[in-house]
Amino acid sequence: MSVLQQGQQLRVLPAGNAHCLRTRRIAPRLQKQRQLVRAVEGEPPAKQPAPKASKTAAAKKQPHNRVFNFSAGPAVLPLPVLEQAQKDLLNWNNSGMSVMEMSHRGKEFESILAEAEEDLRTLLSIPDDFEVLFLQGGATAQFTAICQNFLENDDHADYILTGAWSKKAYKEGERYAEAHIAAQGDGTDIPPEEDWDLTEGSQMVHICDNETIQGVEFKFTPDVGERLLVADMSSSFCSKPIDVDKYDLIYAGAQKNIGPAGVTVVIIHETLFDEVDGDEIAAPLHYKTYRGSLHNTPPTWSIYICGLVFKHLLKQGGIDAVYANNQAKADLLYNAIDGSSGFYDSPVDPAVRSNMNVPFTIPGKPELEKAFIAEAAKAGMVQLKGHRSVGGMRASIYNSMPMEGVQALVKFMADFQKKHS
């Protein structure tokens, strides 16, 4: 039977017999045959439903139909890293296993861990007398760990409060020692070092190098004398050169600049292991216990991704090149804010503006801020809503945010201002 004859028979079938299960099952095939009949008879094809709206113009430019993700964390990762992880997912390095399936004590994962540490040491020029730990619990767990490892009830600890995360660290410090606020900013600045009121004989000074919420960043390394200098670098880690030797302990959650959530990097001077009496320290928080990062099962997948990121940053030219790119992105965005004739505003003191987290507002017009966030999302730029505690907008432009993303945001800002001025 010819296609035309089949079609003539098909025409007598009830088109709306939807109650019949078999009809519903064969309906797509019947529809295809009807289209063939129309083609043979010279009839115009049936009108097809309009295709679904594609991603916006900004997102179309991105491989894999991705958007520009300005999330404060978990945050954007380098595309080559994601593509490598996708390639390795089922069979890492011809091992026949995914990294997620490996024994953490097997030679395969031990090589991943060793390479990640080696590359991080190269990237940040970490001296040999510092050790690198890959831990769990997030940076928040380190608020407690530093106290349990280094402080006793009658010890004094000084905290420099510059925003939400340094305040949280201080609150935890109050539970374990004589915690003292040596300096406190207003959320838009960092008090000058000469105005700090450090406690005589205090054991430790704690800072948050970059406040993710407020967008305030240290541009100097404090001189705290004989005290331990401890820094939370979660949202600035591996974004700029640092002199590791001027610190005693650095900790950072990975999910902002170097990897997915689940792993926290601790860089600790080796002499501190010997100063810790572990009998009264909770085992999961005892640094000496986790020397080597393999006391128990570490976050293997997260460490593997961090290792890929470290290699990627080294291929970009190392930490100096990474910093130069970050500075250029930040300059572009801040210049757009400052050059908007007051339409946009950055509340942060220019001397301490963060290169990683850029909060900004549309002064006196909260309804426009909501429109800005919604329209930006439609244009392929997401996660621009400011933290609930401060409002406005926030663009997190970590290492992995490409320059093209910041350029797209700046253009959108100019267009939005023109539309609403």
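Remember, predicted model here, so these are calculated numbers, not experimental data. Residue indices begin at 1 and follow the sequence shown.
- The shortest heavy-atom contact between G187 and V216 is O-CG2, 3.5 Å.
- Rounded to the nearest 0.5 Å, atoms CZ (R66) and CG (L79) are 5.5 Å apart.
- For E194, the CD atom counts as densely surrounded, since its 6.0 Å shell holds more than 12 non-hydrogen atoms of other residues, nucleotides or ligands.
- The closest side-chain heavy-atom distance from E117 to I126 is not below 4.5 Å.
- Here the side chain of S239 pairs no donor or acceptor atom with the backbone of S235 at under 3.5 angstrom.
- Scanning all heavy atoms of the two residues, the minimum distance from I337 to S346 falls at CG2-N, 3.6 Å.
- In summary, the side chains of D88 and Y304 do present a donor paired with an acceptor at a separation below 3.5 Å, with no hydrogens or angles considered.
- In this structure, K256 contributes its side chain and A72 its backbone to a donor-acceptor pair below 3.5 Å.
- With contacts defined as side-chain heavy-atom distances shorter than 4.5 Å, the pair D248/F150 does not qualify.
- Formation of a donor-acceptor pair under 3.5 Å by the N91 side chain with backbone atoms of G96 is found in this model.
- Comment: D320 does not engage K240 in a salt bridge, judged by the lack of any side-chain N to carboxylate O separation of less than 4.0 angstrom.
- Across A75 and N69, no two heavy atoms sit closer than the pair C-ND2, 4.3 Å.
- A donor-acceptor contact under 3.5 angstrom links the side chains of D129 and H269, judged on distance only.
- Atom CD1 of residue I181 and atom OH of residue Y159 lie 11.0 Å apart, to the nearest 0.5 angstrom.
- Side chains of H64 and E83: a donor-acceptor N/O pair is present below 3.5 angstrom, by distance only.
- One distance of note links CD1 of I397 with CG of N325; it measures 9.5 Å at 0.5 Å rounding.
- Between T300 and M100 the shortest side-chain heavy-atom distance does not fall below 4.5 Å.
- Here the straight-line distance linking atom OG1 of T264 with atom OH of Y251 works out to 10.0 Å at 0.5 Å rounding.
- Sorted by first then second residue, the side-chain hydrogen bond (donor to acceptor under 3.5 Å, both in side chains) pairs that include residues 389-398, not counting sequence neighbours, are N357-S396, N357-Y398, H387-S389.
- Between the side chains of T144 and E172, at least one donor N or O lies within less than 3.5 Å of an accepting N or O.
- With contacts defined as side-chain heavy-atom distances shorter than 4.5 Å, the pair K329/N326 qualifies.
- Atom-to-atom distance recorded for Q255:CD and S71:OG is 9.5 Å, nearest 0.5 angstrom.
- Under 3.5 Å, the side chains of E211 and T162 contain a donor-acceptor pair of N or O atoms.
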- Message: Does D349 form a salt bridge (Lys or Arg N to Asp or Glu O under 4.0 Å) with R353? I'd like the steps, not just the answer.
- Response: CA-CA 6 Å; D349 178 354; R353 284 175 170 175; over 6 Å; no
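- Using a distance-only test at 3.5 Å, with no hydrogens or angles considered, a donor-acceptor pair links the side chain of D232 to the main chain of S234.
- Using a 4.5 Å heavy-atom cutoff, the side chains of E369 and T361 are in contact.
- In this structure a side-chain-to-backbone donor-acceptor pair under 3.5 Å is present from D158 to T199.
- For the pair H286 and N149, the minimum side-chain heavy-atom distance is below 4.5 Å.
- Of the possible donor and acceptor atoms, none in the side chain of W165 sits under 3.5 Å from a partner among the backbone N and O of C208.
- I160 is listed as a side-chain neighbour of V205, based on a closest heavy-atom distance under 4.5 Å.
- Across all their heavy atoms, F134 and L113 have their closest contact at CD1-CD1, 3.6 Å.
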- Task: Could you check K411 against E404 for salt bridge (Lys or Arg N to Asp or Glu O under 4.0 Å), going step by step and ending with a plain yes or no?
- Result: CA-CA 10 Å; K411 183 180 184 305; E404 293 78 10; over 6 Å; no
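- Taking the six-membered ring for Trp, F130 and Y247 have ring centres at least 6.0 Å apart.
- Separating the CD atom in E108 from the CG atom in N94 is a distance of 11.5 Å, to the nearest 0.5 Å.
- Distance alone, capped at 3.5 Å, places no donor-acceptor pair between the D119 side chain and the L123 backbone.
- The main-chain N or O of A324 is never found under 3.5 Å from a side-chain atom of Q327 such that the two would form a donor-acceptor pair.
- Among F372, F70, F343, the one residue that satisfies the ring pair (Phe, Tyr, Trp, His ring centres under 6.0 Å) test with F360 is F372.
- Under the 4.5 Å side-chain criterion, counting only non-hydrogen atoms from C-beta, Y287 is in contact with Q142.
- Although no hydrogens or angles enter the test, the distance criterion places no donor-acceptor pair under 3.5 Å between the side chain of N93 and the main chain of S95.
- Using a 4.0 Å cut-off between a side-chain N of Lys or Arg and a carboxylate O of Asp or Glu, K219 and E217 qualify as a salt bridge.
- A distance-only check finds a donor-acceptor pair linking the side chain of N399 to the backbone of C238 [under 3.5 Å].
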